[in-house]
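Here the structure is laid out as structure tokens; the discussion comes afterwards.
Hydrogens, waters and symmetry mates are skipped; everything else that's a heavy atom, side chains included, is used. All of these numbers come straight from a predicted model, not from anything done at the bench.
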Amino acid sequence: MLSFVDLIFYLLGVAIVFLILFLIYTYVTAKTYPNLGRHDSEKFYFDPHSKSKRLFPDYTNSPTVHLTVIVPAYNEEKRLPIMMDEAMDYLEKRQAKDSSFTYEVIIVDDGSSDRTSEVGLKHSEKYGADKVRVLTLHHNRGKGGAVRLGILSSRGKHILFVDADGASKFSDLEKLESNLNKLKLVAREAAKVKKNVKHQGSMAIVCGSRAHLEKDSMATRSLFRTFLMLGFHFVVWLLCVRGVRDTQCGFKLFTREAAIFLFSNMHVERWAFDVDLLYLAQHFGISVSEVAIEWHEIEGTKMVPVWSWLQMGRDIVLIRLRYSLGIWKIKTKF
């Protein structure tokens, strides 16, 4: 039988071996820079009016519309029409009141096996391809990867990404815009003192937040799911992001400069991509704020309650390790 001291040394040895194996895994499975390439078919969108394919603009071009709305969608043929009807109703009414307000919506079909692209193309046919475009990915990349390709295909001065489920109230965009305009002033002043990256004074992010609804949502969850959620928030706070209570809300508004810089450097393409973005933003001193929005639980979530949380927890640990150890590199110029 092992003595107490022998047991301690044994457990310590196991822990060291595990740590070494984990560090090897951290290095071996990592790519130095994110892959910004795309399949040839992902370079085009279909124009229902001309019945032809057209090339998406290059992300290095100057913006030509006021707002781009990115809608990542994976098997969303049922929920997407409801979300799009609300969004287009708001955007069209706003444009009718203010002719200087221009916009585009890019629906990014993330390798769906249903009719998501066809649903998106119906809206493109109704409103025109100048206002609604569908980017159909060759294979599933994950929500973060879908948003990234949407942003790299955008024309907007400001860029909003919003979930396809319609859980958030689209008109709350005005709250985010008001806050973004204030943040831009703060960013310009801060950039006079310290410039970490090019166009620092033009970079700002506003995150829609459900944190004010947390107590109500906890009352409807099981004790185990509540434990996982609180554990996830703690790990995010401890390792990556502080000052943003709800990192995962799918309703975020960026200046174009911030969106292109962050999404071009983002390494995580699946559920934890928001944490990757905000970690980078805070690392470079990019202005970030959080605004409470109206939000409702919608049936049909793609997240698997336990497994998805565990995957996200793993990714958060890897985010901190890989950036801290220099395994993941960051480009400050494009």
Side-chain angles (χ1 to χ4, degrees), residues 34 36 42 56 59 63 65-74 76 79-80 83-84 86-88 90-91 103-110 116 120 123 131-135 137 140-177 179-180 183 203-210 241 244 246-266 268-281 286 288-291 293 295 298 301-303:
L36 302 185
E42 297 168 347
F56 277 108
Y59 70 91
V65 297
H66 176 77
L67 175 71
T68 292
V69 180
I70 307 294
V71 186
Y74 176 66
E76 291 288 3
R79 300 194 297 181
L80 182 61
M83 175 268 156
M84 283 296 295
E86 180 191 357
M88 295 306 296
Y90 169 84
L91 293 167
Y103 73 89
E104 67 173 346
V105 178
I106 301 177
I107 300 167
V108 187
D109 180 349
D110 190 20
T116 294
H123 287 84
K131 289 184 175 180
V132 180
R133 297 177 176 181
V134 178
L135 169 54
L137 302 191
N140 178 266
R141 290 172 176 257
K143 183 179 176 182
V147 176
R148 189 214 307 272
L149 278 191
I151 285 173
L152 298 183
S153 305
S154 69
R155 297 175 288 156
K157 181 180 179 182
H158 292 163
I159 301 175
L160 172 77
F161 82 74
V162 56
D163 287 344
D165 60 8
S168 51
K169 184 180 179 182
F170 196 86
S171 59
D172 279 345
L173 165 64
E174 294 176 15
K175 296 180 184 179
L176 273 63
E177 287 178 318
N179 204 270
L180 189 72
L183 271 192
M203 295 188 183
I205 310 166
V206 181
C207 305
S209 175
R210 306 158 295 181
V241 179
V244 179
D246 183 6
T247 58
Q248 301 310 115
C249 182
F251 200 70
K252 291 183 175 68
L253 182 66
F254 301 75
T255 60
R256 182 175 186 82
E257 294 81 2
I260 290 174
F261 174 72
L262 293 173
F263 277 91
S264 296
N265 277 303
M266 178 190 77
V268 176
E269 290 196 321
R270 297 199 176 271
W271 295 114
F273 80 96
D274 305 77
V275 178
D276 192 353
L277 289 174
L278 294 173
Y279 177 83
L280 287 170
I286 295 172
V288 180
S289 71
E290 192 173 17
V291 174
I293 63 168
W295 186 87
I298 304 294
T301 179
K302 303 299 186 298
M303 288 188 69

Show your reasoning for whether side chain to side chain contact (heavy atoms under 4.5 Å, CB included) applies to V132 and M84.
CA-CA 10 Å; V132 180; M84 283 296 295; 4.3 Å; yes

Could you tell me the separation between the NZ atom of K157 and the OG1 atom of T68, rounded to the nearest 0.5 Å?
12.5 Å

Are Y103 and V65 side-chain neighbours, meaning at least one heavy-atom pair lies under 4.5 Å?
no

Quick check: closest heavy atoms across R210 and Q248, and the distance to 0.1 Å?
NH2-C, 3.5 Å

From I286 atom CD1 to L183 atom CG, the distance as rounded to the nearest 0.5 Å:
11.5 Å

Would you mind reporting whether L253 and V291 have side-chain heavy atoms less than 4.5 Å apart?
no

Let's go through S264 and L152 carefully: what are the C-alpha distance in whole Å and the side-chain angles of both, what is the deciding distance for side chain to side chain contact (heavy atoms under 4.5 Å, CB included) to 0.1 Å, and is it a yes or a no?
CA-CA 8 Å; S264 296; L152 298 183; 4.0 Å; yes

Would a 4.5 Å heavy-atom cut-off, applied to side chains only, mark V241 and V288 as touching?
no

Kindly compute the distance separating CG (L160) from CZ (F170), expressed to the nearest 0.5 Å.
5.5 Å

Straight-line distance of N140 CG to D109 CG, nearest 0.5 Å:
9.5 Å

Those residues at least two apart in sequence (or on a different chain) that pass side-chain hydrogen bond (donor to acceptor under 3.5 Å, both in side chains) with T255 are none

Closest non-hydrogen contact found for G150 with V108 is CA-CG2, 3.9 Å

Smallest heavy-atom separation, I70 atom then I151 atom, equals CD1-N, 3.9 Å

Would you please indicate if the ring centroids of F273 and F161 are separated by under 6.0 Å?
yes

Work out which heavy atom in G120 is nearest to a heavy atom in V134; give both atom names and the distance.
C-CG2, 3.4 Å

Are V69 and L173 side-chain neighbours, meaning at least one heavy-atom pair lies under 4.5 Å?
no

Salt bridge (charged side-chain N to carboxylate O under 4.0 Å, His left out) evaluation trace for D172 with K169:
CA-CA 6 Å; D172 279 345; K169 184 180 179 182; 5.1 Å; no

Should the heavy atoms of other residues, nucleotides or ligands under 6.0 Å from NZ of K175 be counted, would the total exceed 12?
yes

Counting only N and O atoms by type, is there a donor-acceptor contact under 3.5 Å from the side chain of T116 to the main-chain atoms of E76?
yes

Test your reading of the model: is there a side-chain donor-acceptor pair from R148 to the backbone of M266, 3.5 Å cut-off?
yes

Answer whether the closest heavy-atom distance between the side chains of L137 and Y74 falls below 4.5 Å.
no

Under a 3.5 Å distance rule, please check whether R256 uses its side chain to pair with a backbone N or O of S154 as donor and acceptor.
yes

Could you tell me if the side chain of L277 sits less than 4.5 Å from the side chain of K252, heavy atoms only?
no

Looking at every heavy atom in both P72 and V147, which two are closest together, and how far apart are they?
CG-CG2, 3.7 Å

With rounding to the nearest 0.5 Å, note down the distance linking NZ in K143 to CD in E269.
14.0 Å

List in chain and number order the residues that pass salt bridge (Lys or Arg N to Asp or Glu O under 4.0 Å) with E177, two or more places apart in sequence or in another chain; answer none if no residue qualifies.
R94

Pairwise distance CD1(I205) to CG(L262) - rounded to 0.5 angstrom:
5.0 Å

Who pairs with D165 by salt bridge (Lys or Arg N to Asp or Glu O under 4.0 Å), at least two apart in sequence or on another chain?
none

Does the pair W295 and F251 meet the rule for a side chain to side chain contact (heavy atoms under 4.5 Å, CB included), with working shown?
CA-CA 10 Å; W295 186 87; F251 200 70; over 6 Å; no

Does the side chain of E42 reach to within under 4.5 Å of the side chain of L135, using non-hydrogen atoms?
yes

Taking all non-hydrogen atoms of both residues into account, name the closest pair between G208 and C249 and its distance.
O-CB, 3.1 Å

Main chain of G166, side chain of E86: is a donor-acceptor contact present, judged purely on distance under 3.5 Å?
no

4.5 Å side-chain heavy-atom contact, D163 and S168
no

Do side-chain atoms of D110 reach the backbone of A146 as a donor and acceptor pair under 3.5 angstrom?
no

